[in-house]
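First the structure, in the form of structure tokens, and then the observations on it.
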Amino acid sequence: MKLQTKSDQELVHLYISGQEVGLEELLRRHKSKIYTSIYLLVKDSYLAEDIFQDTFIKVIGTLKAGKYNEEGKFLPWVLRIAHNLVIDHFRKDKRTPIITNGDGFDIFDVLKFYDESIEERIVREQTYKDLKQMIHLLPSEQKEVLIMRHYGELSFKEIADTTNVSINTALGRMRYALNNLRKMIQEKELSLKS
Amino acid sequence: MTQTSTPDIKTNTDSAHAECAMEGLSEDDEQFYASIQNGLKNLIKQPSSASIEVILKHSKSL
């Protein structure tokens, strides 16, 4: 059976039984979602790399110690660890996060869109840049729900558990996030058509 | 007050709805969320290969 067809749970079992390929596949499968979720919260690619590494060091420790709770899904569990590490960071380092230009890989730097003009490409890149800035402008609890819902594919129940709020609060935050984004998009007259 | 333009909605609303599966949100919210899916997807970033190496090395060292 190919690794790609195995479930997260099967990969976790493979890894616990001593096969490193289990972890390699889990990383390959989820690294972008986990890293993007961290990055959009901390807005600093160097810091995001550190927290990403620390997250997996905790994941590995828990798995190897046999303390992983089989009932939960792997990705929400890892995102919960990442979320707690982000909170720890801001608690320790009571400062406003700043935007830096790190050397992290950016999909826009390497993707080539042969069938679009230079103008179209500039507009598209500017649109995504605007959207990223708008997400950064959202209050942290709204941004968090949006990121967990979209990149983590977490249900509202899982988001509520991860952030220690009720499902209604999680849903309310998502509504506010969408409303705020909608207002900002309308103010900028931004089109998000692909 | 000036009328502002609204974002374009993805034509494949069925898949967008399935993707959202956001029970509890209004239809308007769901439609808007569907319209920004593509933009959100394009914000995806990757960790560096150095980070992946650090993690795998750490795992093997245990």
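For the numbers below, each heavy atom of this structure counts, side chains included, while hydrogens, waters and symmetry mates do not.
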Check whether [X] gets within reach of chain B through its side chain, its backbone, both or neither, counting any heavy atom under 4.5 Å.
{"X": "Lys31(A)", "answer": "both"}
{"X": "Leu181(A)", "answer": "both"}
{"X": "Leu27(A)", "answer": "side chain"}
{"X": "Asn179(A)", "answer": "side chain"}
{"X": "Gln53(A)", "answer": "both"}

A side-chain contact here means heavy atoms from C-beta on lying under 4.5 Å apart; do [X] and [Y] qualify?
{"X": "Ile52(B)", "Y": "Phe56(A)", "value": "no"}
{"X": "Tyr33(B)", "Y": "Arg149(A)", "value": "yes"}
{"X": "Tyr39(A)", "Y": "Ile44(B)", "value": "no"}
{"X": "Leu178(A)", "Y": "Asp28(B)", "value": "no"}

Using the rule that Ile, Leu, Val, Met, Phe, Trp and Tyr join whenever any side-chain heavy atoms are under 4.5 Å apart, tell me whether [X] and [Y] fall into a single cluster.
{"X": "Leu85(A)", "Y": "Leu79(A)", "answer": "yes"}
{"X": "Leu146(A)", "Y": "Leu137(A)", "answer": "yes"}
{"X": "Leu47(A)", "Y": "Ile87(A)", "answer": "no"}
{"X": "Leu56(B)", "Y": "Ile51(A)", "answer": "yes"}
{"X": "Tyr176(A)", "Y": "Ile167(A)", "answer": "no"}

- Take atom NZ of Lys183(A) as the centre, draw a 6.0 Å sphere, and report whether it contains more than 12 heavy atoms from other residues, nucleotides or ligands.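 No.
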
- Task: Could you tell me whether Arg182(A) and Asp29(B) have a side-chain N and a carboxylate O separated by less than 4.0 Å?
- Result: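 The answer is yes: the pair qualifies as a salt bridge.
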
To the closest 0.5 Å, what do you measure between [atom1] ([X]) and [atom2] ([Y])?
{"X": "Lys132(A)", "Y": "Leu40(B)", "atom1": "NZ", "atom2": "CG", "answer": "12.5 Å"}
{"X": "Gln186(A)", "Y": "Phe32(B)", "atom1": "CD", "atom2": "CZ", "answer": "8.0 Å"}
{"X": "Ser51(B)", "Y": "Asp50(A)", "atom1": "OG", "atom2": "CG", "answer": "7.5 Å"}
{"X": "Ile135(A)", "Y": "Leu43(B)", "atom1": "CD1", "atom2": "CG", "answer": "5.0 Å"}

- Item | Partner set under ring-ring contact (aromatic ring centres under 6.0 Å, His included) for Tyr151(A), not counting sequence neighbours |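 Scan of Tyr151(A) (ring-ring contact (aromatic ring centres under 6.0 Å, His included), adjacent residues dropped) gives none.
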
- Between Thr36(A), Ile34(A), Ile147(A), the one whose heavy-atom pairs under 4.5 Å with chain B are most numerous: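 The answer is Thr36(A).
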
- Message: Can you pull out every ring pair (Phe, Tyr, Trp, His ring centres under 6.0 Å) where at least one residue sits in residues 14-33 of chain A? Sequence neighbours excluded, please.
- Response: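 Matches after skipping sequence neighbours: His30(A)-Phe74(A).
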
- Query: Considering all heavy atoms of both residues, which atom of Gly39(B) and which atom of Leu131(A) are nearest to each other, and what is their separation?
  - Reply: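 The pair with the smallest heavy-atom distance is C-CD2, 3.4 Å.
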
- Message: To check you understand the geometry: which heavy-atom pair defines the closest contact between His150(A) and Lys41(B), and what is its length?
- Response: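 Where His150(A) meets Lys41(B) most closely, the heavy atoms are NE2-N, 3.7 Å.
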
- Cationic tip of Lys45(B) within the cone over Tyr35(A)'s six-membered ring, i.e. under 6.0 Å and within 45° of the normal?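 So Lys45(B) doesn't make the cation-pi contact.
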
- Given Ile185(A) and Ile36(B), is the side chain to side chain contact (heavy atoms under 4.5 Å, CB included) satisfied, shown in steps? CA-CA 10 Å; Ile185(A) 286 170; Ile36(B) 63 169; 4.0 Å; yes

